[in-house]
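What follows is a single structure, written as structure tokens, with notes after it.
Keep in mind it's a predicted model, so treat the numbers as computed, not measured. So that the names make sense, note that chain A is the first sequence line, chain B the second, and so on, each numbered from 1.
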Amino acid sequence: MAKKPSVKYWLVKSEPHVFSIDDLAQAPDQTTHWDGVRNYQARNMMRDEMQLGDVVLYYHSNTDEPAIVGVATVVQTGYPDFTAWDKQDPHYDPKAPIDKPRWYMVDIKFVKKFAQPLTLAFLRTVSTLESMVLLRKGSRLSVQPVTAQEYAVIVKLAK
DNA sequence: GCCAACGTTGGC
DNA sequence: GCCAACGTTGGC
């Protein structure tokens, strides 16, 4: 019998005025490439660890009410982020070699939007989530791992 | 708008 | 390899 690959859980941040969960829901095929990540830790996770079917929590940052607002899923594993080579792109990286991709991205697809967003302020009150990467002081990673336990708690709170 | 925390750059 | 300076993130 084939071993069932275990699903991993992640959280991605997006500024809603740039690309919100509603934008994702309205995108063609409700899918987008998660371009523009220019941080090595985040890149490594997208390039090396995110697998098809992995579950992604969608977080709105830099807004009046920072919150986890819904769920997406990985529909394409890591591949070169071509926007790094595009001079017109805000995330253009002049040091990214043409023949050797420096930055990677995955494709994610909309799954659902929470009826009630789980605000950062609220999440901080949940004792079972206190070690979540998102809630750690100074945590700025735009792609973060989430444990299965944390995910279970969040889904329960969001319904 | 402020500012703490963090990552990156580059001189030495 | 150290570390100061700088730029960015992102909550408040």
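Atom P of nucleotide C/dG10 and atom NE2 of A/His17 are separated by 11 Å, given to the nearest angstrom. Taking atom CD on A/Gln144 and atom P on B/dG7, their separation rounds to 12 Å, with Å as the unit. Taking atom CG of A/Leu11 as the reference point, atom C1' of C/dG10 lies 14 Å away to the nearest angstrom. Across the protein-nucleic acid pair, A/Asp64 atom CG and C/dC12 atom P stand 12 Å apart, rounded to whole Å. Regarding A/His91, its NE2 atom lies at a distance of 8 Å from the P atom of C/dT9, rounded to whole Å. In this structure, CG of A/Leu141 is placed 13 Å from P of C/dG11, rounded to the nearest angstrom. Here C/dT9 presents its C1' atom at 17 Å from NE2 of A/His60, a figure rounded to the nearest Å. Atom CG in A/Asn62 sits roughly 17 Å away from atom P in B/dA4 (whole-Å rounding).
You'll find the side chain of A/Asp29 reaches within 4.5 Å of the side chain of A/Lys109, heavy atoms only.
For A/Leu120, the listed nucleotide lying nearest its side chain is C/dC12; candidates were B/dT9, B/dG7, C/dC12. Closest contact between the side chain of A/Arg140 and the listed nucleotides C/dT8, C/dC12, B/dT9 involves C/dT8. Ranking B/dT8, B/dG7, B/dG10 by closeness to the A/Gln41 side chain, first place goes to B/dG7. The side chain of A/Tyr59 sits closest to C/dG11 out of B/dG10, B/dG7, C/dG11. Of the candidate nucleotides C/dC12, B/dG7, C/dG10, C/dC12 has the atom lying nearest to any side-chain atom of A/Arg124. Among C/dG10, B/dT9, B/dG7, the nucleotide with an atom closest to any side-chain atom of A/Ser61 is C/dG10.
Side-chain atoms of A/Asp107 do not come within 3.5 Å of backbone N or O of A/Val75 as any donor-acceptor pair. Checked by atom type and distance alone, the side chain of A/Arg43 never pairs as donor or acceptor with a backbone atom of A/Val37 at under 3.5 Å.
Taking the six-membered ring for Trp and thresholds of 30 and 60 degrees, A/His33 and A/Phe82 have ring planes more than 60 degrees apart, a perpendicular arrangement.
Contact annotation: A/Lys137 does not reach the phosphate of B/dA4 (side-chain N/O to OP1 or OP2, under 4.0 Å). The side chain of A/Lys13 places no N or O atom within less than 4.0 Å of a non-bridging phosphate oxygen (OP1 or OP2) of C/dT8.
Between the side chains of A/Arg38 and A/Thr83, at least one donor N or O sits under 3.5 Å from an acceptor N or O.
Comparing A/Asn39 and A/Lys95, the nucleotide of DNA chain B nearest to each residue sits closer to the 5' end for A/Asn39.
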